[in-house]
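As C-alpha cells, the structure follows; a few thoughts come after it.
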Amino acid sequence: MSSFSDLEELVGKEVTVQLKKDMTIRGRVHSVDDQYLNIKLEDTCVVDQDEYPHMSSKRMKVYPGSGGGQKWTTLEHNGVLFPPPYKPHGVKMLYNGQPVDLTPEQEEVATMFAVMKDTDYAGKQTFIDNFFTDWRKLLGKNHIIKKFKLCDFTPIYEWHLREKEKKKQMTTEEKKALREEKLKQDEKYKWAVVDDVKERVGNFRVEPPGLFKGRGEHPKMGKLKRRIQPSDITINIGKGAPVPECPIPGERWKEVKHDNTVTWLAFWNDPISQKDFKYVFLAASSSLKGQSDKEKYEKSRKLKDHIQNIRDNYTRDFRSKDPTKRQIAVATYLIDKLALSAGNEKDDGVADTVGCCTLKVDNVICIPPNKLQFDFTGNTVEIEELVCKAIEGFHAGKKAGAALFDKLDTTSLNAHLNDLMPGLTAEAFHTYNASITLDGILHEETEDGTLLEKIDVYQRANKEMARVNEKIDELKGQMDELKVDLSKAKEGRSLGNDKDGKPKRNLAPEAIEKKISALESKIEKMEMDKKIKEDMKTCAHVMPKIKYLDPRITLAWCKRHEVPFEKIFNKSLLAKYGWAMDVDPDFRF
DNA sequence: ATTTCAACTTAGCACAATGTCT
DNA sequence: AGACATTGTGCTAAGTTGAAAT
C-alpha cells in the first residue's frame, strides 16, 4: 500500500496487512473511506481485542502510511561508521601561566573548547560553565586545574590555526587524494538493500564527540557530548541478512533487532538528552522516503476539497459565544494564514520558542483595527479585523506570561483539525498554501518562456535584499562613529581607540566631514538600490518554501515548456523527487 | 484523560564546492 | 590565478504527532 490514489484500486481485492511487528490480518477491502481502507476480515481472522479494543473483529480500518504497516520485507546494510579515535597533539595549555600535562582524554575536551574561541559560544557563561563542569569530571578532584579563569587555551587554539593553515596550503592533488580516501571508506556504509533495491543511506556516520551546541539560549550548551560506542548502538536489519560486524575489536552492538515496521537502520540514545534518540535512516532519494513525501503532498491536495468549508467555518466562529470555539477558530486562522506551527509544550531545560499553542499574551500585540505584532520576530502582519478583536479579547484579564489560547493545546487543536478532514495537520496547511500558490503562478503566466527566469531573478533579488540591508546597517554604523569622531575632533579631543584597540589617527574636523558626506551619498545610493529590488519581489515568497512545494507542479511545468528538470532542481533534489518524475504534464495540485 | 515514547520530518548553521569577476 | 560571492551539502538540533503507557 503506497499512496492514496492507489487505494481505490484495492476495493474488492484480498489484502494482507501487517499491523505491527508480529501481527498481520487478511481480508477483502470493502470500501475506501477518505484515507482509510475498510477491510472486511476473513472469518478465520481474529483481532486481539486487548490490543485493538476499538476494532470489531469483522471490520477493520487501516490507515496506510501510519502505524499500521510493514515498511520493508528484506533489509541489508553494513551498520554505521564511527569517527576515528582521538589523536593527541601534545600541545600544552597553560594554567596560571604554567604548562599543564593532560591525558589524551582530558586534552581532547580541552581542544574542543579551545577551537571554539572565535565563535559566539566561547563568550557565553552557560557554555563555559557547562563545559568546565564536564571537563573537571574528567580531570578529577585533585587536578591542579580548579578555576576556569586561570585557564589559558591559546597554545591549543594557535595549534588549531596552524593545522587549519596547513590544510589550506595543501596542493589540489593532496586534497583530491584525501577526498578519495574518504569516499573509499564511506563506500561500504553508503548503501543499503531494501526489498532487493540498492538505496542510499542518509546519515551513516556516528556523531563525533563534541561540546553541545544548542540553538538560542540553550541551558545545556557546552556540555560534553561523549563519544558513542558500539555498545550504545541498536541495529535494525532483515532477519536473514548478515549482521554488520562490529568495527571496534572486543566490542559489540547493544542490540540487534529485526523490526520491519520501522524504517531506521540503527539508533543510539542522545548523550545530552538520554531520552532522545538519534536514528540512522535511508537518504531522501530512497523510495521509502519518497513515498512518505508523496503522501504528505497527497494529503495536502485533499485540503482543496475542504478548504472553503474550513475557512467559512472558522470565519463564522470568530464571533462565537463559546470561548473555546473562538480560540480554535483564531488558532486555525493563524495556522492557515500565517503558517504558524502547531507549537508543542516543551520540557524544561530547552530554549524557549513558540508556536500557535504556546503563544503567550506578551508574544503578540494587537494593533487595531487589523494588525498583529509578534515580539519574537518583531514582524507586524495584517489580519482580519474580527481576528484582531478576538485576540484582544483573549488578552483580557490575563497576566504577562499567561497562555494566549488557554483553552487549547496541540492535542485538542489536532483533534479539531482531524474533524475538519481526516489526517489534517498544521503542516498540511503550509504545504497546501505554498503549493496551490505556485500551481496558480505557473499556470497563469504562460505567454513566454521567461517565467522561471523571472522566478530566478526574484530569488536572487530576495537574497540580495538581505545583503543590501546588512550593508546599509553597516554603513549607518560607520556614520554614527564618524559623527562621534567629528564632535571629539571639534573639541580638540583625541579620537581614542578603534574596535581593534589601536589608536585612531587624529584627523582634522574638515577631513571627517568630507568622509561623512561621502558616506552619506553611498547610503543614499544603497537605499535607492533597495527600493528597486523591493519592487521585484512579487512572487519571490513562494520559492524559499521548497519543502512545502509539491515537486510535481514544477516538473509538470517543465514538461509543458520543454525546460530540462536540471535547470530548476539541483542534483540532490532531482534524486529526492524521483517519485514525481513521471508526472502528467497537465498535473494540477 | 493525560503523559510519555518512539519515529519521523524540518530547520538552521557551518563549511565545502563551485562560479564569477578582476 | 586569486579573491570574492553564491550555491550545495552535511550535520545535528528541534518540532510534530500517533500510539502506547499511566
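Numbers restart at 1 for each chain; the letters A, B, ... are given by sequence-line order, proteins then strands. Keep in mind that what you see is a predicted model, and the values were worked out from it rather than measured.
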query = If you find the nucleotide of DNA chain C closest to N570(A) and the one closest to F212(A), which residue's nucleotide is nearer the 5' end?
reply = N570(A)
Between dT7(C) (P) and F569(A) (CZ): distance, integer Å = 16 Å
ask   = Taking only N and O in the side chain of T425(A), is any of them less than 4.0 Å away from OP1 or OP2 of dT17(C)?
value = yes
request  = Measure from CG on D409(A) to P on dT17(C) and round the result to the nearest Å.
outcome  = 12 Å
query = If you pin I272(A) and S572(A) to their nearest nucleotides in DNA chain C, which one's is more 5'?
reply = S572(A)
task = List the steps and the verdict of side chain to side chain contact (heavy atoms under 4.5 Å, CB included) for D336(A) and Y314(A).
result = CA-CA 10 Å; D336(A) 184 14; Y314(A) 67 55; 2.6 Å; yes
task = Assign a letter to each nucleotide of nucleotides 9-22 of chain B from its 5' end: B, base within under 4.0 Å of a protein heavy atom; S, sugar-phosphate only; -, no contact.
result = BSBB----S-----
ask   = To the nearest Å, how far apart are F204(A) CZ and dT12(C) P?
value = 12 Å
key: Pi-cation contact, F212(A) with K220(A) (under 6.0 Å, within 45°)   = no
query = Counting only side-chain N and O atoms of N414(A), is one of them less than 4.0 Å from OP1 or OP2 of dT17(C)?
reply = yes
ask   = What is the ring orientation for W135(A) with F131(A), classed by angle as parallel under 30°, tilted 30 to 60°, or perpendicular over 60°?
value = parallel
Passing candidate, salt bridge (Lys or Arg N to Asp or Glu O under 4.0 Å) with D232(A), options K278(A), R226(A), K254(A) = R226(A)
message = If I take atom NZ in residue K225(A) and atom C1' in nucleotide dA14(C), what distance separates them, rounded to the nearest angstrom?
response = 13 Å
ask   = Atom CG of L413(A) and atom P of dT16(C): how far apart are they, to the nearest Å?
value = 11 Å
request  = Could you tell me whether K225(A) atom NZ has more than 12 heavy atoms of other residues or ligands within 6.0 Å of it?
outcome  = yes
message = Would you say K275(A) places a side-chain N or O within less than 4.0 Å of OP1 or OP2 belonging to dA6(B)?
response = no
ask   = What do you reckon, is CD of E181(A) surrounded by more than 12 foreign heavy atoms closer than 6.0 Å?
value = no
inquiry  = Distance check needed: dT17(C) P versus L417(A) CG, whole Å only.
reply    = 8 Å
remark   = To the nearest angstrom, the CG-P distance between L81(A) and dC11(C) comes to 10 Å
task = Please check if the side chain of E199(A) supplies one atom and the backbone of V194(A) the other of a donor-acceptor pair under 3.5 Å.
result = no
ask   = Which nucleotide, dC11(C), dA7(B), dA13(C), lies nearest any side-chain atom of D270(A)?
value = dA13(C)
task = Return the value, rounded to whole Å, for the distance between atom NZ of K278(A) and atom P of dG15(C).
result = 13 Å
task = Assign K168(A) to base, sugar-phosphate, or nothing according to its heavy-atom contacts below 4.0 angstrom with the strands shown.
result = nothing
request  = Taking only the side-chain heavy atoms of K571(A) (C-beta and beyond), determine which of dT9(C), dT12(C), dC8(B) contains the nearest atom.
outcome  = dT9(C)
